[in-house]
Amino acid sequence: MAELVFEIWHDEESYSYELSSVSKQGDKVRASMTPQAVKVHTFTATSDHEAHQKYNNWHGWGRWKPMPAAPEYLFTEEEVAEQRRYIAKRKAH
């Protein structure tokens, strides 16, 4: 199964947390909205539902409940390959 890497970022000034998969767009949005945020946790997930549950687990919030009839999106090998290329570029800088 394809697994994407996710990060949780914390902005102490606004006491906000952000969850996103590692991507160029995610980094760009976070840098523009909360440039002082720091990464506090990293994990992998095979679907959007699993990612949200792991985020809830990390916070200690219990079971995550998707919207009624919300389909679960399973990540693809193509998305994983694209993310790996981006992570390699990100580490090089």
Side-chain angles (χ1 to χ4, degrees):
M1 291 188 119
E3 286 188 322
L4 287 182
V5 177
F6 285 80
E7 296 173 336
I8 301 171
W9 290 73
H10 176 59
D11 178 357
E12 193 156 317
E13 187 176 299
S14 66
Y15 197 71
S16 64
Y17 289 89
E18 178 186 329
L19 167 68
S20 66
S21 62
V22 176
S23 68
K24 183 178 181 177
Q25 182 64 22
D27 284 352
K28 186 177 178 179
V29 169
R30 185 183 51 263
S32 69
M33 295 181 70
T34 56
Q36 65 280 4
V38 295
K39 182 172 51 173
V40 294
H41 188 62
T42 303
F43 65 88
T44 60
T46 60
S47 73
D48 59 338
H49 288 203
E50 181 182 14
H52 287 294
Q53 183 58 61
K54 286 185 173 184
Y55 182 65
N56 271 26
N57 291 349
W58 184 81
H59 278 288
W61 293 339
R63 186 168 172 257
W64 177 75
K65 297 175 186 154
M67 298 283 285
E72 182 171 14
Y73 178 77
L74 299 174
F75 305 124
T76 67
E77 291 298 334
E78 292 80 20
E79 290 170 310
V80 171
E82 182 179 330
Q83 186 184 63
R84 285 182 182 151
R85 286 189 295 274
Y86 177 68
I87 290 172
K89 285 181 186 177
R90 187 193 208 196
K91 285 181 181 178
H93 290 105

Please determine whether residues [X] and [Y] belong to a single hydrophobic cluster, defined as Ile, Leu, Val, Met, Phe, Trp and Tyr linked transitively by side-chain heavy-atom distances below 4.5 Å.
X	Y	result
Val38	Val29	no
Phe75	Leu19	yes
Val22	Met1	no
Val80	Ile87	no
Tyr73	Trp64	no

To the nearest 0.5 Å, what is the distance between [atom1] on [X] and [atom2] on [Y]?
X	Y	atom1	atom2	answer
Ser20	Gln25	OG	CD	10.0 Å
Leu4	Arg84	CG	CZ	9.5 Å
Glu50	His52	CD	NE2	11.5 Å
Asn56	Lys65	CG	NZ	10.0 Å
His49	Gln53	NE2	CD	11.0 Å
Gln36	Asp11	CD	CG	4.0 Å

(message) Testing the basics here: between Pro35 and Ala31, what is the closest heavy-atom pair and its distance to 0.1 Å?
(response) CB-O, 3.3 Å
(message) I need the minimum non-hydrogen distance between Gly62 and Asn57, along with the two atoms involved.
(response) O-OD1, 4.1 Å
(message) Quick test of your reading of the model: are Arg90 and Glu7 salt-bridged, counting only N-O distances below 4.0 Å?
(response) yes
(message) Just by distance, no angles: are the side chains of Thr76 and Glu79 close enough, under 3.5 Å, to form a donor-acceptor pair?
(response) yes
(request) Kindly write out the residues that satisfy ring pair (Phe, Tyr, Trp, His ring centres under 6.0 Å) with Tyr17, not counting sequence neighbours, or none if the list is empty. (result) His10, Tyr15, Trp58, His59
(request) Could you list the residues that satisfy side chain to side chain contact (heavy atoms under 4.5 Å, CB included) with Lys24, not counting sequence neighbours? (result) Tyr86
(request) Please check if the side chain of Glu18 supplies one atom and the backbone of Trp9 the other of a donor-acceptor pair under 3.5 Å. (result) no
(request) Side-chain contact test, heavy atoms from C-beta onward, threshold under 4.5 Å: evaluate it for Glu72 versus Asp48 and give yes or no. (result) yes
(message) Counting only heavy atoms from other residues, nucleotides and ligands, does the tally under 6.0 Å from CD of Glu82 exceed 12?
(response) no
(message) Would you say CD of Glu12 has more than 12 non-hydrogen atoms from neighbouring residues, nucleotides or ligands within 6.0 angstrom?
(response) no
(message) Please verify the inter-ring angle class for Phe6 with Phe43; under 30° counts as parallel, over 60° as perpendicular, anything in between as tilted.
(response) parallel
